[in-house]
S.K.: 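Handing you this structure, nothing more for now.
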Amino acid sequence: MLQVAYIRENKDFVIKALGKRKFADAEQVINQVLAIDESRRSAQQELDSLLAEANHLSKQIGGLMKQGDVAAAESIKAQTAEIKLKSKSLGDVQSSAEEELKALLYTIPNIPNNNVPEGASEDHNEVVYEHGSTPSLPSGALPHWELIKKYDIIDFEVGVKITGAGFPVYKGKGARLQRALVNFFLEEASKAGYMEVQPPIVINEASGYGTGQLPDKDGQMYHISEENFFLIPTAEVPITNMYRDVILKEQDLPVKNVGFTPCFRREAGSWGAHVRGLNRLHQFDKVEVVQIRRPEESYQALEEMCKYVQGLLEKLGLQYRVLNLCAGDLGFTSAQTFDMEVFSAAQGKWLEVSSVSNFETYQANRLKLRYQAADKKKQLLHTLNGSALALPRIVASLLENNQTEDGIVIPEILVPYTGFDRIN
RNA sequence: AGAGGAGUGGCAGAGUGGUCGAAUGCACUGGUCUUGAAAACCAGCGUACCGCGAGGUACCGGGGGUUCGAAUCCCUCCUCCUCUGCCA
């Protein structure tokens, strides 16, 4: 979340920046934040001096008791009653103001970076790079949801039986292709200097707040009510939360982690006629890269991560484009995001396969993730992450783009991982 | 899951109601000494909030309570250790 001190000092800028991302009532909310902050601070000042007085009197009582002057001690004790009463109610005022402030700050999204294009919706995202050309498909080319039936490699119906819609079963070469891709992505990430981690895929509430899924996306995560746990929507959550309440040392930086996890999303309300096959699932696999950087180098890291993801797509021989998301389409916690979209030839549409974001200090502030600079000052770090990559849509586009009359050709780079070069 | 024990600063570890934000040791930082290093010695060394500042407040696993006053007493939750049970 945004820092109150920052809002206080840059009020007009913050309002303008939130307006850019079409955050409703930015001015009113910010004014409310500042008003609550003001009352919180004055309550604290009053409370602090009251407590100082009470502490002082208590020490006097202690001294008198030691000397055995009970009468004098009792008379001072009488004075403390009123102070106690006052400080109790003032403490309530202060802590409720603090809670109110926090609750309000939780509803305010991050400020978009300067280079984020204006725009209200995904229609205004800027295509900043395109690579590759559309493959020429054989006549009678099929979309992936037909191909998976034809080759019997992914079964949606049996998934429906086991769980419900959006939980497919990968079978035979379908399962092996997926595993191969995961291994390929993890190997590549290791080579690029990311340390592999295997985090829990179930998280507690504090972790949900730490990276900003809560309270913003409450209804989007599967909830385990018994324990008040959530299934992760992305490995970003457990991996980034490893660094909650951590003060890193200069030599620990930069942090570069990679993790493979299944991801779970309820996708409440986002199902439509255009969503078919692997395009949108409740459970899918994803390899995620996370970086923690010094503020001054985070945008360089963002670029590096984008290049890394692009490299993966190129190695797989996929046609893709890079979008600089406009302010209105930016995720709640992000300061800037680049989406990578792969062209799915048989569907004739672009599929988002990666989203690479810089959260600046937005998550770090919630996480209390800081580092100690050379000058001894503690400073919030910048967190970044990106999909590298999300599996189902990669599978979908590989199936569609590489279909031939003799089956689906596996990209050469994957063959050592799959152990076969064709699905037929 | 049941029984017992324990959670204190980067680490180790003292502290069971009063000047304790917390002894001591190690680690770390600066200095003296030294050709240099080590050793020794001296000094410093938690976090957050409020305040222009002086300074104040809070924090001894989390939350709540008793008390004029809580690291210390009570309740509750969490975590770890030991034993028993169960289980991939």
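The figures that follow rest on heavy atoms only: side chains count, while hydrogens, waters and symmetry mates do not. If you're wondering where the values come from, they're calculated on a predicted model, not measured in any experiment.
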S.K.: Determine the interatomic distance between C1' on rG55(B) and the same-named atom on rA39(B); round to the nearest Å.
M.R.: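 It comes out at 41 Å once rounded to the nearest Å.
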S.K.: Could you give the distance separating rC45(B) and rG56(B) at their P atoms, to the nearest angstrom?
M.R.: 16 Å
S.K.: With sequence neighbours left out, what residues match Lys249(A) under salt bridge (Lys or Arg N to Asp or Glu O under 4.0 Å)?
M.R.: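 For Lys249(A), no residue satisfies salt bridge (Lys or Arg N to Asp or Glu O under 4.0 Å) once neighbours in sequence are set aside.
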S.K.: From CD of Glu99(A) over to P of rG63(B), roughly how many Å is that when rounded to an integer?
M.R.: 12 Å
S.K.: So, using salt bridge (Lys or Arg N to Asp or Glu O under 4.0 Å) as the criterion, who are the partners of Arg41(A) when residues are at least two apart?
M.R.: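 Applying salt bridge (Lys or Arg N to Asp or Glu O under 4.0 Å) to Arg41(A) gives Asp37(A), Glu38(A).
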S.K.: Taking both distances under 3.5 Å as the test for a Watson-Crick or G-U pair, what stems of at least three pairs does RNA chain B have?
M.R.: B:1-7 with B:78-84, B:10-12 with B:24-26, B:28-32 with B:40-44, B:46-50 with B:55-59, B:61-65 with B:73-77
S.K.: What is the separation between atom CD on Gln379(A) and atom P on rA48(B), rounded to the nearest whole Å?
M.R.: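 Distance, rounded to whole Å: 12 Å.
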S.K.: Using the six-membered ring wherever Trp is involved, compare the ring planes of Tyr6(A) and Phe13(A) and label them parallel, tilted or perpendicular (cut-offs 30° and 60°).
M.R.: perpendicular
S.K.: Is any side-chain nitrogen or oxygen of Lys249(A) closer than 4.0 Å to OP1 or OP2 of rC28(B)?
M.R.: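 It does not, given that no N or O in the side chain of Lys249(A) lies less than 4.0 Å from OP1 or OP2 of rC28(B).
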S.K.: The test is side-chain contact (heavy atoms from CB on, under 4.5 Å); show your working for Thr107(A) and Leu105(A) and say whether it passes.
M.R.: CA-CA 5 Å; Thr107(A) 68; Leu105(A) 286 170; over 6 Å; no
S.K.: Near RNA chain B, which residues from residues 4-12 of chain A have a heavy atom under 4.0 Å away?
M.R.: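 Heavy-atom contacts with RNA chain B come from Arg8(A).
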S.K.: Can you tell me, in whole Å, how much space there is between the P of rC73(B) and that of rC87(B)?
M.R.: 40 Å
S.K.: If the C1' atom of rG17(B) is compared with that of rC68(B), how far apart are they to the nearest Å?
M.R.: 12 Å
S.K.: Please list, chain by chain and in numerical order, all residues satisfying side chain to side chain contact (heavy atoms under 4.5 Å, CB included) with Glu205(A), sequence neighbours excluded.
M.R.: Tyr209(A), Leu214(A), Asn228(A), Phe230(A)
S.K.: Suppose you measure atom P in rG18(B) against the same atom in rG69(B); what distance do you get, rounded to whole Å?
M.R.: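 Comparing P positions in rG18(B) and rG69(B) gives a spacing of 14 Å.
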S.K.: Can Asp155(A) and Lys171(A) be counted as an ion pair, charged N to O under 4.0 angstrom?
M.R.: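 So Asp155(A) pairs with Lys171(A) through a salt bridge.
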S.K.: Using the test side-chain hydrogen bond (donor to acceptor under 3.5 Å, both in side chains), find all partners of Tyr170(A) that sit at least two apart in sequence or belong to another chain.
M.R.: none
S.K.: Round to a whole Å and report the spacing from CG of Leu90(A) to P of rC50(B).
M.R.: 16 Å
S.K.: Let me know the distance between CD1 of Ile83(A) and P of rU67(B), rounded to the nearest Å.
M.R.: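 That distance rounds to 17 Å.
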S.K.: After noting the C-alpha distance and the side-chain angles of Phe338(A) and Leu325(A), does the key distance pass the side-chain contact (heavy atoms from CB on, under 4.5 Å) rule?
M.R.: CA-CA 6 Å; Phe338(A) 291 97; Leu325(A) 295 198; over 6 Å; no
S.K.: Roughly how many Å apart are rA27(B) and rG10(B), using the C1' atom of each and rounding to a whole number?
M.R.: 7 Å
S.K.: Between rU47(B) and rC60(B), how far apart are the C1' atoms? Round to whole Å, please.
M.R.: 13 Å
S.K.: To the nearest angstrom, how far is Gln251(A) atom CD from rU29(B) atom P?
M.R.: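 Checked: the CD to P distance equals 11 Å.
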S.K.: How many Å lie between CD on Gln79(A) and P on rG69(B), as a whole number?
M.R.: 14 Å
S.K.: Among residues at least two apart in sequence or on other chains, which ones pass side chain to side chain contact (heavy atoms under 4.5 Å, CB included) with Asn424(A)?
M.R.: Tyr151(A), Lys173(A), Arg422(A)
S.K.: Which pairs, protein N/O on one side and nucleotides 53-57 of chain B N/O on the other, fall under 3.5 Å?
M.R.:
residue : atom : partner  : partner atom : Å
rG56(B) : N2   : Asp48(A) : OD2          : 3.0
rU57(B) : OP1  : Asn55(A) : ND2          : 3.3
rU57(B) : O2'  : Asp48(A) : OD1          : 3.1

S.K.: Under the side-chain hydrogen bond (donor to acceptor under 3.5 Å, both in side chains) test, which residues partner Thr383(A), sequence neighbours left out?
M.R.: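 For Thr383(A), the residues satisfying side-chain hydrogen bond (donor to acceptor under 3.5 Å, both in side chains) (neighbours in sequence not counted) are Gln363(A).
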S.K.: Please tabulate the protein-to-nucleotide N/O contacts below 3.5 Å involving nucleotides 15-20 of chain B, giving atom names and distances.
M.R.:
residue : atom : partner  : partner atom : Å
rG18(B) : N2   : Ser58(A) : O            : 2.9

S.K.: Might you work through the ring-ring contact (aromatic ring centres under 6.0 Å, His included) test for Tyr194(A) and Tyr308(A), ending with a clear yes or no?
M.R.: CA-CA 11 Å; Tyr194(A) 290 92; Tyr308(A) 171 72; 5.7 Å; yes
S.K.: Would Phe359(A) and His382(A) count as a side-chain contact (heavy atoms from CB on, under 4.5 Å) here? Give the steps.
M.R.: CA-CA 6 Å; Phe359(A) 305 94; His382(A) 283 192; over 6 Å; no
S.K.: Determine: side-chain N/O of Arg370(A) to OP1/OP2 of rA48(B), distance under 4.0 Å, yes or no.
M.R.: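 Answer is yes, contact under 4.0 Å.
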S.K.: Taking only the side-chain nitrogens and oxygens of Lys378(A), find out if one of them lies under 4.0 Å from OP1 or OP2 of rU47(B).
M.R.: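 True: Lys378(A) side-chain N/O within range (under 4.0 Å) of rU47(B) OP1/OP2.
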S.K.: Taking the same atom, P, in rU67(B) and in rA22(B), what whole-Å distance lies between them?
M.R.: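 rU67(B) and rA22(B) have their P atoms separated by 27 Å.
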S.K.: Considering residues at least two apart in sequence or located in another chain, which fulfil the ring-ring contact (aromatic ring centres under 6.0 Å, His included) criterion with Phe260(A)?
M.R.: none
S.K.: Please identify each residue that fulfils salt bridge (Lys or Arg N to Asp or Glu O under 4.0 Å) with Lys20(A), with sequence neighbours left out.
M.R.: none
S.K.: Give the C-alpha distance, both sets of side-chain angles, the deciding distance and a yes or no for side-chain contact (heavy atoms from CB on, under 4.5 Å) between Asn358(A) and Ser334(A).
M.R.: CA-CA 6 Å; Asn358(A) 186 353; Ser334(A) 174; 6.0 Å; no
S.K.: Strictly below 4.0 Å: does Arg41(A) bring a side-chain N or O up to OP1 or OP2 of rG51(B)?
M.R.: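 Affirmative; the distance criterion is met.
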S.K.: Measure from CD on Glu250(A) to C1' on rC28(B) and round the result to the nearest Å.
M.R.: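 Atom-to-atom, Glu250(A) to rC28(B), this comes out as 15 Å.
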S.K.: To the nearest Å, how far apart are Tyr371(A) OH and rG10(B) P?
M.R.: 20 Å
